[in-house]
2 protein chains.
Amino acid sequence: MAFQKERSAGYLANQMARLFAKGLHERIRPLGLAPAQFMTLLALWDEDGLAQSELVRRLDVEQATMANTLTRMERDGLIERRANPDDGRSQAIHLTPRAKALRDPATTAARAQNETALAEFTDEERQTFLALMRRAIAAMHKD
Amino acid sequence: MAFQKERSAGYLANQMARLFAKGLHERIRPLGLAPAQFMTLLALWDEDGLAQSELVRRLDVEQATMANTLTRMERDGLIERRANPDDGRSQAIHLTPRAKALRDPATTAARAQNETALAEFTDEERQTFLALMRRAIAAMHKD
DNA sequence: CAATGATATATAGCTTGCTATGCAAACTGG
DNA sequence: CCAGTTTGCATAGCAAGCTATATATCATTG
């Protein structure tokens, strides 16, 4: 039997993630943000001054990916890298006032994007959907 | 209330898609394939000789993205671009023997990746999951 | 304490996305 | 028929992923 992409979870996941990212990007572009920057800000709004290694752990991306994202965020005036007095290898990542001010509008934009995607889902379907995605993630994580 | 990434469909979709892509990439790397190349091959195994514009329609990526993917596939000996005698603008994309030979091992690899992700899902959960993803995709597509 | 190993970050190089442009070929309405 | 629009493709430039390597600092252990 042929491999049908419409029935492939991986294919659908890819397409869905691209649409989420595209929609979010459109909404936060006026704020001067890109999706990975927003994701990183989520962690820093929650706790400022984290080390790069801790951001890598919390966001589950490769270290090199995070290093590059942080470089772009520094360029764009969203973060500062400050030396860590206790450990000459690491740097604490601190938010600028500009980044702090973006918290409300950016999270509002992200909520709106999720709402667009799940507009016709019932509350139960939303819970089910999130739970199934978490399980698929956990299964691939293990492997 | 804080925006919690663990409860965000978009965040989970991104993470899940990255894990699918990474797992698939590992499995098809020995075949000399990358994920977007595999996706493109799916369409061409189904129907050889399509125009680039038709591939764009079927795979729902931007035209520039497809043009670049095809350039890499041509470089890697997977496809040939042949002039279309009926329309001087378009070119028919044809599979090489090498690409044709990859159909079985590559689709087997993709199925294995899907199976890893959904290993602990019941048949009903799998159907539900695919249906919910399709609905989220359709909702974002409309908007 | 010196050698070895582990950890934190940076950098190079690649793929896959995207938007924005440019250009040539084909089509169409006056 | 031809001016203007549409269509098909390529290219430039950027973001964000990844792997693989390099380097510096810290930790451990013999």
Original post:
So A/Met39 and A/Val61, side chain to side chain contact (heavy atoms under 4.5 Å, CB included) or not? Walk me through it.
Top reply: CA-CA 11 Å; A/Met39 186 175 80; A/Val61 295; 4.0 Å; yes

Original post:
For residues B/Thr116 and B/Arg27, is any side-chain donor paired with an opposing acceptor at under 3.5 Å?
Top reply: yes

Original post:
CD of A/Gln15 versus C1' of C/dT16: gap in Å, rounded?
Top reply: 15 Å

Subject >> A/Arg135 charged N/C atom sitting above B/Phe121 aromatic ring, 6.0 Å / 45° >> reply: yes

Restricting both atoms to N or O, compile the protein contacts to nucleotides 18-23 of chain C shorter than 3.5 Å, with distance only.
unit_1	atom_1	unit_2	atom_2	d
C/dC18	OP1	A/Arg18	NH1	3.2
C/dC18	OP2	B/Glu62	N	2.9
C/dC18	OP2	B/Thr65	OG1	3.0

Original post:
Taking any atom under 4.0 angstrom from a heavy atom of chain B, which nucleotides of DNA chain D are the first and last to qualify, 5' to 3'?
Top reply: D/dT7 to D/dT19

Original post:
When you measure from the side chain of A/Arg18 to the backbone N and O of B/Asp60, does any donor-acceptor pair fall under 3.5 Å?
Top reply: yes

Original post:
What's the CG-P distance between A/Leu50 and C/dT9, to the nearest Å?
Top reply: 11 Å

Subject >> Side-chain donor/acceptor of B/Trp45 to backbone N/O of B/Ala99, under 3.5 Å >> reply: yes

Original post:
Rounding to a whole Å, what distance do you find between B/Arg72:CZ and C/dG17:P?
Top reply: 8 Å

Original post:
Any side-chain N or O of A/Ser53 under 4.0 Å from OP1/OP2 of C/dT7?
Top reply: no

Original post:
Taking DNA chain D as the partner, which of residues 89-113 of chain B come within under 4.0 angstrom of it by heavy atom?
Top reply: B/Arg89, B/Ser90, B/Gln91

Subject >> Distance-only side-chain donor-acceptor flag, B/Gln63 / B/Gln52, under 3.5 Å >> reply: yes

**OP:** May I ask you to check whether over 12 heavy atoms, not counting those of B/Arg98, lie within 6.0 Å of atom CZ?
**Re:** yes

Original post:
Please give, in whole Å, the distance from C/dG17 C1' to A/His25 NE2?
Top reply: 11 Å

Original post:
Starting at the 5' end of DNA chain D and moving along, which residue's nearest nucleotide shows up first, A/Thr69 or B/Ala51?
Top reply: B/Ala51

Subject >> Exceeds 12 heavy-atom contacts within 6.0 angstrom, atom CD of A/Glu120 >> reply: no

Original post:
Does A/Glu54 come within less than 4.0 Å of A/Arg58, counting only side-chain N to carboxylate O?
Top reply: yes

**OP:** Name the residue closer to the 5' end of DNA chain C, choosing between A/Gln52 and A/Asn14 according to the nucleotide with the nearest heavy atom.
**Re:** A/Gln52

Subject >> B/Arg111 CZ: over 12 foreign heavy atoms closer than 6.0 Å >> reply: yes

Subject >> Atom pair distance, as rounded to whole Å: CZ in B/Phe38 and C1' in C/dT15 >> reply: 17 Å

Original post:
Under 3.5 Å, is there a donor-acceptor pair between the side chain of B/Asp76 and the main chain of B/Leu78?
Top reply: no

